Each structure stands twice: as structure tokens, then as C-alpha cells.
Amino acid sequence: MIRVRFAPSPTGALHIGGVRTALYNYLLARQKGGTFLLRIEDTDQTRYVPGAEDYIIRSLRWLGIVPDEGVGFGGDYGPYRQSDRKEIYQEYALKLLERGHAYYAFDTPEELDAQRSSVENFIYNHSTRQGLKNSLNFSESETRAWLDQGKPYVIRLKVEPGRSILVSDLIRGDVHFQSGELDDKVLFKSDGMPTYHLANIVDDHLMGITHVIRGEEWLPSTAHHVLLYEGFGWKDTMPAFAHLPLILRPEGHGKLSKRDGAKFGMPVFPTDWQGTDTVEAVQGFDGAGFLPEAVINFLALLGWHPGDDREIFSINELIESFSIENIAKSGARFDYEKAKWFNQKYIQATDNAVLAKHIQPLAAAKGYRTDDNFLQTVAALMKERVTLLPDFVETGYYLFEPVKEYDTETLSKKWTPAIGPIFADLTQMLENLEPFDALNMEASVKAWMQEKGVKPGDILPLLRIAMAGTMKGPAVFDMAEALGKTETIERLKRLINRNA
RNA sequence: GCCCCGUUCGUCUAGGGGUUAGGACGCAGGAUUUUCAUUCCUGUAACACGGGUUCGAUUCCCGUACGGGGUACCA
């Protein structure tokens, strides 16, 4: 049975690259009938951001990528928060020490900094460790003494030179590393917490993880991880690795970072983040007006392809079609235009009743009417012409409140001296129209045009501008019906007065 | 610097020893809609470079260039 994990650090809002990692893990688990768990990797106490854990859980729920186990979800392999597993790591670090695969090191951060600045390309490894303060150089009693005196220490992995380490990656194939080039990574920090390297191996083993799907930034340290599995004697149950290509910023250099959201005017986080004293607030895909299904679809195709030309996928279709083999090797630039296209597609395909629910809070925030029937009408009239949810109340504001700005250019062309009385006549005709619905109105206006000898192109644009102020928008008669007779007539008269 | 990964239209990608190198976004044009949008059609544009291997390489191999990642008592 497959078991996969998403293991973010609670250091702030969840990055969109992390969301994609979570998604791929989730898809694999669902497809294979396995388990998807959420583990919180909070071993760096200095980077801990309050609220980040809740944010991660909230975001996963919004996206519909809900873990089967983990912090906030229960499960038999807990605790799932690494700070709650402190003693476990200590125990395993000691085990590694006993087996001779690790050693105590007493060098202070300052001493190491000094080494780095005086020795070019300094690296703590087989070639330098004999000159440093560690239990490999100290006698047993000396080491004991340092420990007993309560001197700060770390535990480092003892990497022996001279061998080739194979990392078999599901996406990249076999990758070889020379052990002599690897450093003696710190496994256990002087504050009593493990580093990522120790914690992730111990946890993945204890939690029965079968596949590690994570970002490419972990590929270089995977050699160390293989060494750890060997050191613990867990090589035969070592999980399979799949290192995902990174998501790059839309333009310029480097991977997409948290600050790029503000820089490029687009969200890079799933949901809104209120911010803290140290981390500023940011808008997420939800606040920007994206449907979670659209975000999922967009992200799924950013680095993975189904093997055919399909682009629109429901979550169930993704689960069915997903495969690690079809994950791309190269980094993908974050294409916000494409993300918006997906959202537009999803809005078009969403039922009016559902859209009305999304429009409701947006309308309420603007003090607009929020009755469901009307919002469904707004959805029906606008869904083919919006990209983001807020467009319903912004682009389509005139469905909720009087026209704020008239397209004066069109007006000056169409509102001729002769048209005034004719427009007034039409207004009067509509005022007496019953029932005031689109179908009846269209028939009546057509008959009226026939009778008066007015061309559609002379009168319809004016009707439209009277109601919406702009030449863009839903069909005129649909708009009039949505507005209702009173409001429509009021707007027509307002235009007459404006041009009088 | 050293180590690792990568490189097909502007972007996301398919493909693969002999193809008109396919799709999507974007952009441009057209049709439909007496608006706009939707929808449909058309166009635009790519195999980083140099050596091999081969009858033939965009595809395989080796270099180079470029891009990305790593090189912390961060994850």
C-alpha cells in the first residue's frame, strides 16, 4: 500500500510550488488507493511563524487536497508535528552514533565561520574533520568530559570517502554521487532538535512512507539520505524518490519566490494570508477570485502532462490520468495568463447557482443586493465575460447600481439631434410594456423599429449605454429584464436628461 | 569555485533516427453574435551551439554555452 506525505515547514504562507508538490502526492495516493499524510516540519524554531500551520491546513482544505492523516487529521503514525517527536530523533541519533555512522562535533558556529572565511571552499568532511573539535579526534574520555561539562555539540553524519552513491529517481533516472565530495551533514543540532536530514529519514521510515515526492532542491542531499537509510539498516524499505522540477518566476531569473506575487501583481499563494508582525499580508488565489478547481487544474499541468491533448481535468480525471513518468524534467515558468484562462473556463462551466454563492460575499462587501435569484441572473449574464470572480461585481457593477461612467465617444456618435424624441418614444413604449421580459421586449422593440423606420444600429447601442454605460456587456433585453422595468425606465430617462 | 539536474514556438508542453515537428495559452486576422464576451476557423512562432555515430540526426553519444538547484547547527 502506497503512503506519501506532504511535509511543509510552517514558516509563512504556503508557496504555490509547495501546493503543486502536495497535489502530486495527493493524486498518486488517491490513484493507488494509498494514504496521503500531512507532516509539519518545524524543527527550525527560529523560523517558526505562528498561524502558518493553520494556514497550510486551511489552504489544503480550500483546494480539496485533504490529507488522510496528519496534523489536524489524526492517524496511527503520530505525532505528525516534528517538534512533538523530539525524543524520537534523539534516540535515533544515538543509535547512529553507536553504529559508528555519526560523531559528536563541538565546533561552535563562530569557529566554523572562521574556517569558511580563512579556508577557501571549506567543507566539513573526511579531509578536514581531523583538524576539528569532534569525537573522532578526541579520546573517549575527552569526549565524555566535554559532554559532561554541558558543552554545546551537534551530531554529524560520518561520510566515508571512496564510494559511489546511487540515487534512483523516478523522474530523472539514476544519479550518482561521489561520497568524497559530500560533507558531514549536521543531523542533530545543539538546541536538541534534529535537522531536516535526520528528521525526514526517521519519520519517513517510521511513518511507512513508500514514495518521496518533493522539490528538486532536495536532489543533492538525497545522497546523504541514502547513506542514512543504510546507516540505520533500512535500505530495503527505503522509499522511492521523485524530484519535481521547480516553478520559475514568470520573467527574469530564478525560482518563483514569495515576493514575486507583489512584484508581478499575481497571487503565488493558495489562500489569503493575514500576515503577522514579521510576515506581511498577501492575497491568495482565493482572494484574487480563482475557483480552487481551476488552480488545481492549472498546477497539475505545470510540469505534468496527461499523454494526450486534454487540458481541462476534474480532480477525478487527474487522479485517473496522473503518472510520475509523465512529469517533466525541466523547470516551468509560472504563466499567470494561462492560470486566468483556466479560471475563465471553470467559471463558464460552473452552474449559476454555484456561481451565485461565490458572488454573494463579493456583492455584500460592496453593499449590493444579495438575493440568490438575482445573483444567479448576474451569473448567467456575466459568466461568459469574466475571468476572475470579482469581475462579476466590478465589470458587471451596472447590474447592481446606476451607471457611473458613460461611453461618451459612442454617445456623441449615436445621440443625434433627431434621435432624442425617438428615444423618448421608445422609453414610453417600454414603460407600458407588459410583461417586461426579454422575449416580449425584443419582439415589441423590433415591431416598434419597423413602425418608426428606425434602424437597430441607431437605437440599440443607446439602449445599451443607457443601461450599462458601456458598449460591452450582456444582450440589451436580458439586461433590461434583469434590471426590471422601474430601474430600466429610470436609466433610459436619465440618459435623455443627460443629453437634453 | 565545486557537485547535481536540465535545454522543442514568447509561455506550458507532445513527439521522436527519415514527421508538413502536434496541441494549449498569448498575439493577429476572419466567421457567428446588430455590443462585448463566448464559440468556430485561419495565421504567427521552436528542436541552444559544435563535434561525433549513422545512408540519414531535432531525436543517440561527447563537449561547449546557457538556465536551474545545492554547497547552513534553513527546510
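Every value quoted in this text rests on a predicted model; they were computed, and no experiment measured them. Proteins come first, then strands; the chains are lettered A, B, ... in the order of their sequence lines, and each starts at number 1.
Relative orientation of the Phe290(A) and Phe285(A) rings is perpendicular, given thresholds of 30° and 60° on the angle between their planes. Using cut-offs of 30° and 60° for the angle between ring planes, the Tyr55(A) and Trp273(A) rings count as perpendicular.
Using a 4.0 Å heavy-atom cutoff across all strands shown, Phe342(A) reaches no nucleic acid atom at all. When heavy atoms are screened at a 4.0 angstrom cut-off, Ala475(A) is found touching base atoms of the nucleic acid. Among the atoms of the strands shown, none is found under 4.0 Å from any heavy atom of Gly215(A). Across all strands, Leu301(A) comes closer than 4.0 Å only to sugar-phosphate atoms, never to a base (heavy-atom distances).
In this model, the phosphate group of C3(B) is not approached by any side-chain N or O of Gln178(A) to a distance below 4.0 Å at OP1 or OP2. For A14(B), the OP1/OP2 oxygens have a side-chain nitrogen or oxygen of His305(A) closer than 4.0 Å.
To the nearest whole angstrom, the two P atoms, one in C41(B) and one in U54(B), are 46 Å apart. Rounded to whole Å, the separation between the P atoms of U59(B) and A21(B) comes to 15 Å. Nucleotides C9(B) and A37(B), compared at atom C1', are 28 Å apart to the nearest Å. Separation of the P atoms belonging to C36(B) and C49(B) is 44 Å when rounded to the nearest angstrom. Rounded to whole Å, the P atom of G6(B) lies 11 Å from the corresponding atom of C61(B). For G51(B) and A46(B), the C1' atoms lie 23 Å apart once the distance is rounded to whole Å. For the P atom pair drawn from A14(B) and C74(B), the interatomic distance equals 38 Å after rounding to whole Å. For G15(B) and C60(B), the P atoms lie 12 Å apart once the distance is rounded to whole Å.
Between the CD atom of Glu120(A) and the P atom of G1(B) there is a distance of 11 Å, given to the nearest Å. Distance, Ile171(A) CD1 to U13(B) C1': 16 Å, rounded to whole Å. One can place CZ of Arg249(A) at 19 Å from C1' of C12(B), the figure rounded to the nearest angstrom. A straight line from CG of Leu227(A) to C1' of C3(B) spans 15 Å, rounded to a whole angstrom. Nucleotide C12(B) holds its C1' atom 13 Å from the CG atom of Asn297(A), rounded to whole Å. As a whole-Å value, the separation of Lys329(A) NZ from U13(B) C1' is 14 Å.
Pair assignment for A14(B) gives none, since no Watson-Crick or G-U wobble pairing has each distance under 3.5 Å. Both distances falling under 3.5 Å, in either a Watson-Crick or a G-U wobble arrangement, occur for no nucleotide opposite U33(B). A46(B) makes up no base pair with any nucleotide shown, lacking Watson-Crick or G-U wobble contacts both under 3.5 Å. In a base pair of the Watson-Crick type (N1 to N3 plus N6-O4 or O6-N4) or a G-U wobble (N1-O2 and O6-N3), with each distance short of 3.5 Å, G67(B) is matched with C5(B).
Comparing C4(B), C12(B), U35(B) against the side chain of Phe177(A) picks out C4(B) as the nearest. When distances are taken from the side chain of Gln344(A) to each of C5(B), C12(B), A37(B), the shortest belongs to A37(B). Of the candidate nucleotides G22(B), C25(B), C12(B), C25(B) has the atom lying nearest to any side-chain atom of Glu337(A).
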Original post:
Tell me, for nucleotides 67-75 of chain B in 5' to 3' order, what letter each nucleotide earns: B for a base near a protein heavy atom under 4.0 Å, S for only sugar-phosphate near one, - for neither?
Top reply: SSBS-SBBB
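Counting atom types as modelled, Arg172(A) pairs no side-chain N or O with a base atom of C5(B) as donor and acceptor under 3.5 Å. Scanning atom types as modelled, one donor and one acceptor separated by under 3.5 angstrom connect the side chain of Arg464(A) and the base of U35(B).
Checked for salt-bridge contact, Arg39(A) and Asp204(A) meet the test: a charged N lies under 4.0 Å from a carboxylate O. Between Lys338(A) and Glu311(A) there is a salt bridge, since at least one side-chain N of the basic residue sits less than 4.0 Å from a carboxylate O of the acidic one. One finds a salt bridge joining Arg81(A) and Glu53(A) here, because a Lys/Arg side-chain nitrogen approaches an Asp/Glu carboxylate oxygen to under 4.0 Å.
Under a 3.5 Å cut-off, the side chain of Trp304(A) and the backbone N or O of Ser323(A) do form a donor-acceptor pair.
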Check nucleotides 39-46 of chain B against the protein and report each pair of N or O atoms closer than 3.5 Å, with its distance, or say if there are none.
from, atom 1, to, atom 2, distance (Å)
U39(B), OP1, Lys345(A), NZ, 2.6

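With the nearest nucleotide of RNA chain B identified for both Asn121(A) and Trp304(A), Asn121(A) has the one nearer the 5' end. Each of Asp335(A) and Glu181(A) was matched to the nucleotide of RNA chain B holding its nearest heavy atom; the match closer to the 5' end belongs to Glu181(A).
Listed by chain and number, the residues in a ring pair (Phe, Tyr, Trp, His ring centres under 6.0 Å) with Phe423(A) are Trp415(A) (sequence neighbours excluded).
Under the 3.5 Å distance criterion, with hydrogens and angles disregarded, a donor-acceptor pair is assigned to the side chains of Asp203(A) and Gln82(A). A donor-acceptor contact under 3.5 angstrom links the side chains of Asp183(A) and His224(A), judged on distance only.
Aromatic ring centroids of Phe241(A) and Trp218(A) lie 6.0 Å or more apart. In this structure, Phe400(A) has its ring center at least 6.0 angstrom away from the ring center of Phe392(A).
Results of the side-chain hydrogen bond (donor to acceptor under 3.5 Å, both in side chains) test with Asn134(A) over Tyr104(A), Trp146(A), Tyr153(A), Tyr124(A) single out Tyr124(A) as the only residue that passes.
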